[in-house]
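Step one of this worksheet: look at the structure below.
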Amino acid sequence: MPSPSPDPLIRLDKVTLRRGGRVVLDALSLELAEKRIGLIGTNGSGKSSLVRLFNGLLSADEGRVVVHGLDATDKAAELPRKVGFIFQNPDHQIIFPTVAEEVAFSLEQAGRPRREAAREAVPALARFGRAHWAERPVHTLSEGEKQLVCIIAVLVMEPAVLVFDEPFSSLDLPTRRRLEALIATLPQQVVMIAHELDAFAAYDRVIWLDEGRVRMDGPPDAVVGAYRAFAEAVSAEPFA
Amino acid sequence: MPSPSPDPLIRLDKVTLRRGGRVVLDALSLELAEKRIGLIGTNGSGKSSLVRLFNGLLSADEGRVVVHGLDATDKAAELPRKVGFIFQNPDHQIIFPTVAEEVAFSLEQAGRPRREAAREAVPALARFGRAHWAERPVHTLSEGEKQLVCIIAVLVMEPAVLVFDEPFSSLDLPTRRRLEALIATLPQQVVMIAHELDAFAAYDRVIWLDEGRVRMDGPPDAVVGAYRAFAEAVSAEPFA
Amino acid sequence: MISLYLAERTWLHGVPAGWKLLALALVSLFVAPFDALAPMAGLLAATLALYATLGRPALRQIALLRPMWPLIAILLAFHWWRGDPVLGVAVALRLLAMVLLANAVTMTTRMDAMMDAVEPLLRPLALVGVSPRAVALAVAMMIRFVPLLFALWEALGESWRARTGRRGGWRLLAPFCIQTLRLSHHTAEALAARGGVPGTLPRTRRQ
Amino acid sequence: MKDRSLVQIALYAAIFAVLGLLPKFDLPFAGGVPITAQSMGAMLAGVMLGAWRGALSIVLLLFVVALGAPLLAGGRGGLGVFFTPSVGFIVGWVAAAFVTGWLMQAMRRQSVLASALIASVVGGIVVEYAFGIVGLSLKAGLSLADATKACLIFIPGDAIKAVLVALIAQTVARGMPDALLSRHV
Ligand SMILES: Nc1ncnc2c1ncn2[C@@H]1O[C@H](COP(=O)(O)OP(=O)(O)OP(=O)(O)O)[C@@H](O)[C@H]1O
Ligand SMILES: Nc1ncnc2c1ncn2[C@@H]1O[C@H](COP(=O)(O)OP(=O)(O)OP(=O)(O)O)[C@@H](O)[C@H]1O
Ligand SMILES: O=C(O)CCCC[C@@H]1SC[C@@H]2NC(=O)N[C@@H]21
Ligand SMILES: [Mg+2]
Ligand SMILES: [Mg+2]
């Protein structure tokens, strides 16, 4: 069971982030207390950059980020233990050559002794019906299969916050549905980025990011609806 | 304008493909003559492997592949001029450090002299409203932005066949819609893999691949409908 | 050439990593001074016999030596030219045998097992503030990067071929350098995202 | 960032290993010390990573080689290589990478191309050969003068490698400026 945080809140206070000279997040203030939070927005709007502040992969140029009581500046090194992070591109997440090693590393980072972690990797995979992948070299998996490995490797760590950066983009429909159902039952706080907007139906809150600012923030049907309308308007103007 | 093929047909004759000791495609026979063909199936069913036969990135262990009159074994080197290929993972497609170089390379491959190609890269990007990306190092783009660069880089080559391997997985809704609209107007043959099943509504034919064999083949509503039903059945059984 | 790990299990997978590494080190030390034909031929024969006991998948891995043939040819030609072809053959045999032996260890040992085996040797480093787990991880990563660099080169080549139908060759060198750096950048992020270099923070134990 | 250093060290050790898979030649006049692309690896590590991390990446490589991994030129490895006439060169790579990296950092304000070239020549040739010559004279029973002469054969190749390293460093500085760690410490 994931350990509950005493103060389960992600707080951003006038956060500005610059990357390569561009302002990517612009004096953003947010309080994320809900259990299920969706993050949407066009490509390049700053979604991935924002969630990278939560686990210390990026740090704010101005302003303050506090995640479940940990200041992201002082306590950057402790954040990854609180915040599980599924990368948008599986190739950016995978560290080890075989599936079992990848999962075992997570278990070890979560505090299990080495041997125990190695032993538990296969049962952990079995919970997802993928025990037979244990010995497979990761690079011989299909893209969707790799993506599932990334998700499993983070879920087994049972962190207090789960950040999913478009976790289902390459998954097949049955696997996506089963993961959505599984995630719905988890006790942790979930921050999910997706372009597949159906995913948010049962969420508590959806935030629409636009050029590093919040364009809309509220219940899923309102925000997703407005975003869809925006998308239709934009796409009326054809390419080329 | 893309040059029309005299014989616009992709034919597979009892094709078997093995990868890492596993049979990935199993005595597959197909005749693809339609303009718009969708390819669906669960992760690892062999979709990406199949389309890699079309442009010679993989070659069949048994059987014969003929693409628009070119035998994929003898004429492997000529295939890429016929078959434009958008990779599933942008990181696997991008070669050059800047966006303009990436696009210029495509133009050069399509027959433009080097200088002309370099000059034309910016107008080509402009057709997609992305002229300002020209000088950006590709790795500083967001994942969705990279995916769009990959698509643009292949579209500008105007090959006779366009193979899209989950091209929209990271794209935002407006961009996806605009590309779908653009693709609908193209004169070329299109083979599209996607897990996002709405994409196929206006297609001529959808093929459902399952463990390297054709499980169903027909008009989009029938095949997609059956696949959805299958997905619901599978996902009734929860993970973990 | 440090072949990828072999998924099909063989009996050698079951031998503890430490023993395999020790055996390899001992053999390499022992054969270094020999330049005679007979012992080297014997060594290679024994190595091939070892592969035979590992089964067909292992034997297939011998194909990984293909890039070494030109080197062996040059070596033989050179020693011939110097008037000592027998020495050339002996040297070539040793080279092949040792590479195959080392490959046998690599393809039957998972990296975490490798780490385990190495760790006791590193314990003294803790005295100067270097965590043995960090060193073990660096070793594991380095060994992982070698085949990955080849995979990266291949992926670049595929991408080039997908648009040209030809091989990229030297033109891919500069893109390759940049890709390797991106690879390491992403790996560093992936490591940080899961808690960073181990052993540097007090671990919170959970039940 | 500590994770980043660790990964970079591992990466350059791996690149060094890959360079060893390019063909080598056994040269009689140099007592069996091969011409190898790996001498470029030490320059590259220093230029890209700076003194400490550059040197550590070579230490890591040598450690793994000692464990038996066949990562030196021509697929050699194991403890055996530390008993050949090459040993001076092999150990010298650590110092070569360190000095190369140190110079690179010291010339932070000069152009990447020029400083990488100078650093590679001084670290990867002058320092590297100093170690190598001593090793060679001890192991092959040559006088220091003879050992020095034997090493002249390496100069053209190593000069080319230094130029290559400088060009690579410049390309990287253009396409991915942050990656040149030697400039950011
Ligand atoms: N390089 C490889 N070596 C060995 N096996 C491979 C390799 N690449 C893919 N496979 C295997 O081949 C099968 C088909 O893979 P493929 O990539 O074609 O699947 P896919 O249908 O495209 O899946 P996805 O929807 O996840 O992209 C899978 O079982 C996969 O594990
Ligand atoms: N390493 C970087 N250096 C400079 N700029 C960057 C870097 N990474 C991203 N950016 C820029 O920052 C902005 C936000 O990028 P980010 O990756 O956060 O977008 P995103 O909302 O996640 O988009 P997507 O939906 O495509 O994943 C984009 O304009 C992008 O080009
Ligand atoms: O693999 C070995 O045995 C070590 C070889 C050392 C070769 C040295 S490094 C500097 C000089 N330049 C070369 O090309 N070879 C030597
Ligand atoms: Mg993103
Ligand atoms: Mg695929």
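FYI, side chains are in, hydrogens and waters are out, and symmetry mates aren't considered; it's all heavy atoms of this structure. Remember, it's a predicted structure, so these values are computed and weren't measured experimentally. Chain letters run A, B, ... following the sequence lines, proteins first and then strands; every chain starts at 1.
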Atom CH2 of C:Trp160 with >12 non-hydrogen neighbours under 6.0 angstrom: yes
Closest heavy-atom pair, D:Leu11 versus C:Ser184, reported as atoms and distance to 0.1 Å, is CD2-CB, 3.6 Å
Separation of D:Leu164 CG from C:Leu173 CG (nearest 0.5 Å): 7.5 Å
C:Trp153, CH2: over 12 other non-hydrogen atoms inside 6.0 angstrom: yes
Greatest number of non-hydrogen atom pairs under 4.5 angstrom with chain D, of C:Thr180, C:Leu183, C:Val105, falls to C:Thr180
Closest heavy-atom pair and its distance - C:Ala138, D:Ala10: O-CB, 3.7 Å
4.5 Å side-chain heavy-atom contact, C:Phe145 and D:Val7: yes
Could you report the tightest heavy-atom contact between C:Ala134 and D:Leu6, atom names first, then the distance? O-CD1, 3.4 Å
Using non-hydrogen atoms and a 4.5 Å limit, figure out which bit of D:Phe16 sits close to chain C: side chain, backbone, both or neither. neither
Chi angles and distances behind the side-chain contact (heavy atoms from CB on, under 4.5 Å) call for C:Phe150, D:Val18: CA-CA 9 Å; C:Phe150 285 100; D:Val18 170; 4.1 Å; yes
Is there side-chain contact between D:Asp3 and C:Glu189, with at least one heavy-atom pair below 4.5 Å? no
On a heavy-atom basis, the closest approach of C:Cys177 and D:Val172 is CB-CG2, 4.2 Å
Taking atom CZ of C:Arg167 as the centre, does the number of heavy atoms from other residues, nucleotides or ligands within less than 6.0 Å exceed 12? no
Result of checking D:Leu61, D:Ile9, D:Ile15 against C:Met142 for side chain to side chain contact (heavy atoms under 4.5 Å, CB included): D:Leu61
Which portion of D:Ala17 sits near chain C, non-hydrogen atoms under 4.5 angstrom: side chain
Compare every heavy atom of C:Ala188 with every heavy atom of D:Arg4, then report the nearest pair and how far apart it is. CA-CB, 3.7 Å
